[in-house]
**Q** 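The structure's right below; bear with me while I get my questions together.
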Amino acid sequence: MRLVTWNVNSLKARLPRVLELLHEHAPDVVCLQETKVAAATFPHETFAAVGYRAVDRSAGRWNGVALLVRQGLPVADVRPELPGEPDPEEARWLEADVDGIRVASLYVPNGREPGHPMFAVKLRFLEAVRDRAAELAAAGPTVVAGDVNVAPEDRDVWDPAVFVGSTHVTPEERHGLAEVVAGGLRDAYRDVEPDAAGFTWWDYRMGAFRRGMGMRIDLALVSEHLAVRGARVDTTFRRVNQAGDKPSDHAPILVELERRG
DNA sequence: ATGTCACGCTGGGCGTGA
């Protein structure tokens, strides 16, 4: 299975780039985050016309997650709920069986600042993910992929000194993420790229992408039933393309998975 | 760290969130 996870920062603004990605990489499944679209205007027909079925959990102008599945692959047991999630209205989790693999697209709250009420919400969300991910990983082949808004280690940020005291790197957030992984998942990118930076996000400001000022905050976590045959970040999608279509501030991660045994 | 982007509301900048 070829899987992509990508925070698109508005599906409407990014539709040309998403179509470009489908054409270029022909993934079996794409986990999208920050679709920022209402359910009523989700572009199902556009995806159907290029051979993809979409299932979405949408909340209007903020957040929103979706799965795009190549036509012909069976999709079953779509669940838009994450038991115990702090605010179900925020549309941050969506899971389904795709060709016999449980695939979840997630968008962890940003957290604003340590001490902000949304920071506590972020930690509670990670606890809910921990509990559900452990259930899924114990049950069968599982991929939990998306924007976790946590850099797992210091090497996952361009300059750890700059981020001291900021969100995405605090011990509490890293502990929350580590507990998700400890439930029977592993970081697919790190599995095959132990040394690469692998940044997936760069601020739009200050020429951060050009200057290598990034963070690795988007992950594909996979259960022991799955082997990782390859993983890479396609940074071409972090640049304006030839047609002049703008990038998201996140780049997509491409993962090649194979069922074990 | 801050040199940006996208949204809704509304008809052009502003507030919000990242």
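Every chain is numbered from 1, with letters handed out A, B, ... down the list of sequences. The analysis underlying the following values was restricted to heavy atoms, covering all of them including side chains, and did not include hydrogens, waters or symmetry mates.
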**Q** Would you mind classifying the nucleic acid contact of A:R211 as base, sugar-phosphate or nothing, using non-hydrogen atoms under 4.0 angstrom?
**A** base
**Q** Using atom C1' in both nucleotides, what's the gap between B:dC7 and B:dG11 to the nearest angstrom?
**A** 16 Å
**Q** Quick check on DNA chain B: between A:Y204 and A:M213, whose nearest nucleotide comes earlier from the 5' end?
**A** A:M213
**Q** CZ of A:R61 versus C1' of B:dG17: gap in Å, rounded?
**A** 8 Å
**Q** Nearest whole Å is fine: how far is B:dA6 C1' from A:Q33 CD?
**A** 17 Å
**Q** Just how far, in rounded Å, is P of B:dT4 from CE of A:M206?
**A** 10 Å
**Q** Checking contacts here: which listed nucleotide (B:dC7, B:dA1, B:dT4) is nearest the side-chain heavy atoms of A:V162?
**A** B:dA1
**Q** What is the separation between atom CZ on A:R14 and atom C1' on B:dA6, rounded to the nearest whole Å?
**A** 8 Å
**Q** Evaluate side-chain hydrogen bond (donor to acceptor under 3.5 Å, both in side chains) for A:Y52 paired with A:D28, printing each intermediate quantity in order.
**A** CA-CA 9 Å; A:Y52 284 84; A:D28 295 307; over 6 Å; no
**Q** Look at all strands and tell whether A:D203 reaches a base, only sugar-phosphate, or nothing, counting heavy atoms closer than 4.0 Å.
**A** base
**Q** Rounded to the nearest Å, what distance is computed from the CD atom of residue A:E34 to the P atom of nucleotide B:dT4?
**A** 19 Å
**Q** Expressed in angstrom and rounded to an integer, what is the separation of A:N63 atom CG from B:dT16 atom P?
**A** 17 Å
**Q** Using the P atoms only, state how far B:dG13 lies from B:dA1, rounded to an integer number of Å.
**A** 31 Å
**Q** Go nucleotide by nucleotide along DNA chain B from the 5' end; which of A:H250 and A:G60 gets its closest nucleotide reached first?
**A** A:G60
**Q** Would you please confirm or rule out a distance under 4.0 Å between OP1 or OP2 of B:dT16 and any side-chain N or O of A:R112?
**A** no
**Q** Can you check side chain to side chain contact (heavy atoms under 4.5 Å, CB included) on A:I253 and A:T200, steps first, answer last?
**A** CA-CA 8 Å; A:I253 309 168; A:T200 62; 3.8 Å; yes
**Q** Within the structure, does a side-chain N or O atom of A:K246 lie under 4.0 Å from either OP1 or OP2 of B:dA6?
**A** yes
**Q** Could you tell me the separation between the CH2 atom of A:W158 and the C1' atom of B:dA1, rounded to a whole number of Å?
**A** 7 Å
**Q** If a pair satisfies ring-ring contact (aromatic ring centres under 6.0 Å, His included) and one of its residues is in residues 213-242 of chain A, list it, with sequence neighbours excluded.
**A** A:W6-A:F237
**Q** Can you tell me the distance, in whole Å, between the CG atom of A:N7 and the P atom of B:dC7?
**A** 13 Å
**Q** Step through the shown structure and confirm whether more than 12 heavy atoms of other residues, nucleotides or ligands are within 6.0 Å of CD on A:E24.
**A** yes
**Q** Contact between A:L221 and A:V181 at the side-chain level, heavy atoms closer than 4.5 Å - yes or no?
**A** yes
**Q** Determine the contact category for A:Y107: base if any of its heavy atoms lies under 4.0 Å from a base atom, sugar-phosphate if only primed atoms, P, OP1 or OP2 are that close, otherwise nothing.
**A** sugar-phosphate
